[in-house]
Amino acid sequence: MADLRTSFLRHLCQTSPQPLGLVVARAQGTSIWDADGREYLDLLAGMGVANVGHAHPEVVRAITAQAQAYLHVAVYGEMVQQPQVELARRIAQLAPGDLSVVYFTNSGAEAVEGALKTARKLTGRSRLVAFDGAFHGDTFGALSVGGNPVYRQPFEPLLADVDFLPFDEEPALERIDPSVAAVIVEPVQGEGGVRIPRDAFLPALRRRCTEVGALLIVDEVITGFGRTGRLFACEHWGVVPDIMVLAKALGGGMPLGAFVGPAAIMQTLSHDPPLAHVTTFGGHPVSCAAGLAALEVLLRERLAERAARVGAEWLGALQSLRGPVLRAVRGAGLLLALELATPEATRRFAAHCFARGLVLNWTLHHDTVIRLAPPLTIASDEIDRATEIIGDALRNE
Ligand code: PLP
């Protein structure tokens, strides 16, 4: 195991000075076991992916069956592959409004790229608007609409013609004018510290986009598939996007992303020129089969409703731990945030929790905000165990 960890550090490109470094042996439900047999509760669900739990047996069965039938056969969009078609049809039934045409990708960032390109081509406009604190992925286009200059600056120049507005400030929406191709927004900002906008904000944004003819792209990569207590978070505010971006839980643990829109918008990708936006592996049949199985579990077990109920109870329990170290607790469904007093306290808190068997971390743009986003299937005794450890870690400060 020491050898494996040494090779991990030497041969896998490191993205931070202090990776968790847990040597994974297996994962099931809410738990990940390391090579010594130690169990950890995964309060990040593989970073918002395992909404139905790790390695759900129905998802594993679907993967196995699809792998035995066929793997990759053709670039995206050329052949009729049943898992792709069935998953697209199911998403079309469940998505708000008339979002009925799905373009499958490999990841969230790639889906954001596709959505931005679609908006520019359809409208013939170049300007893009995004929000301070937003996170949409790390490819060039997605990074260009990322709302934290610290992460943009080392890679500049990025896409030209991007403007940032303050999140959740309705008067600033006046700055969206008829030169704007698209506005991209997370309905609840994840990496920005689990920021839940006031009730009027997203409906006002929808109205403004319609007024000026800009497309509204709603990024549901982290908030989708029941995470916030509704199947898609935009439903909390009755907002119908022009394009919705999906990934993470979409693939049930396999890599899969998508952007979804009405036929009148999505048809722009089929001509002038044809094949202008293609992908080899997007919508891989094994990922789509896994996603379809996960979606059926999510709906059958009413996991969005469960997330709303269990999340509200947990929020109450966590709020009772507030004090000088834990300044605030907020959340929507099972996307919760603990706001601590200082970055140092946050780091010590996370280390204490990890040593006691909890996988959690602070958000990318806020080093004092710990995000909790466990599988939506998390059992009540697992929540109790996590709350006890969190309470101990706070008392330890
Ligand atoms: N959009 C949001 C809101 C995200 O949280 C993320 C990833 O965390 C992405 C897009 C990018 O997705 P991916 O990491 O699959 O490229």
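Because only heavy atoms are used, hydrogens play no part in the values below, and waters and symmetry mates are left out as well, while side chains stay in. Start at 1 and go down the list; that is how both ligands and their atoms are numbered.
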A student comparing Lys248, Met47, His136 should find that the heavy atom closest to atom 8 (O) of ligand 1 comes from Lys248
Practice problem: Could you tell me how the ring of Phe281 sits relative to the ring of His72: parallel (under 30°), tilted (30 to 60°) or perpendicular (over 60°)? | Solution: perpendicular
Looking only at protein heavy atoms, what sits closest to atom 15 (O) of ligand 1 is Gly108 N, 2.8 Å
Which word best sums up how the rings of Phe135 and His365 line up, parallel for under 30°, tilted for 30 to 60°, or perpendicular for over 60°? perpendicular
Ala109 heavy atoms within 4.0 Å reach ligand 1 at atoms 11 (C), 12 (O), 13 (P), 16 (O)
For Ala247 and ligand 1, does the shortest N/O to N/O distance drop below 3.5 Å? no
Under 6.0 Å from the six-membered ring centre of Phe164 and within 45° of its axis: does the NZ or CZ of Arg152 meet both?
yes
Requested in this report: Taking atom types as modelled, find out whether Arg125 and Ser179 have a side-chain donor-acceptor pair closer than 3.5 angstrom.
Outcome: no
- Task: Indicate yes or no: does an N/O atom of Asp219 lie under 3.5 Å from an N/O atom of ligand 1?
- Result: yes
Gln267 and Ala264 have their tightest heavy-atom pair at NE2-O, 2.8 Å
Here the atoms of ligand 1 under 4.0 Å from any heavy atom belonging to Phe135 are 1 (N), 2 (C), 3 (C), 4 (C), 5 (O), 6 (C), 7 (C), 8 (O)
Quick note on ligand 1: atoms under 4.0 Å from a heavy atom of Ser107 include exactly 15 (O), 16 (O)
Check the orientation of Tyr103 and Tyr76. Use parallel for under 30°, tilted for 30 to 60°, and perpendicular for over 60°. tilted
Could you tell me whether ligand 1 has any atom less than 4.0 Å away from a heavy atom of Val112? no
Under 4.0 Å and counting heavy atoms only, is there anything from the protein next to atom 12 (O) of ligand 1? yes
Ligand 1 to Glu186, heavy atom cutoff 4.0 Å, flagged ligand atoms 3 (C)
Counting from 1 in the order shown, the ligand 1 atoms closer than 4.0 Å to a non-hydrogen atom of Gly137 are 9 (C), 10 (C), 11 (C)
Between Gln93 and Arg90, is there a side-chain donor-acceptor contact under 3.5 Å, judged purely by atom types and distance? yes
### Task
Please assess Thr387 against Trp314 for the test side-chain hydrogen bond (donor to acceptor under 3.5 Å, both in side chains), listing each intermediate value before the final yes or no.
CA-CA 8 Å; Thr387 310; Trp314 200 11; 2.8 Å; yes
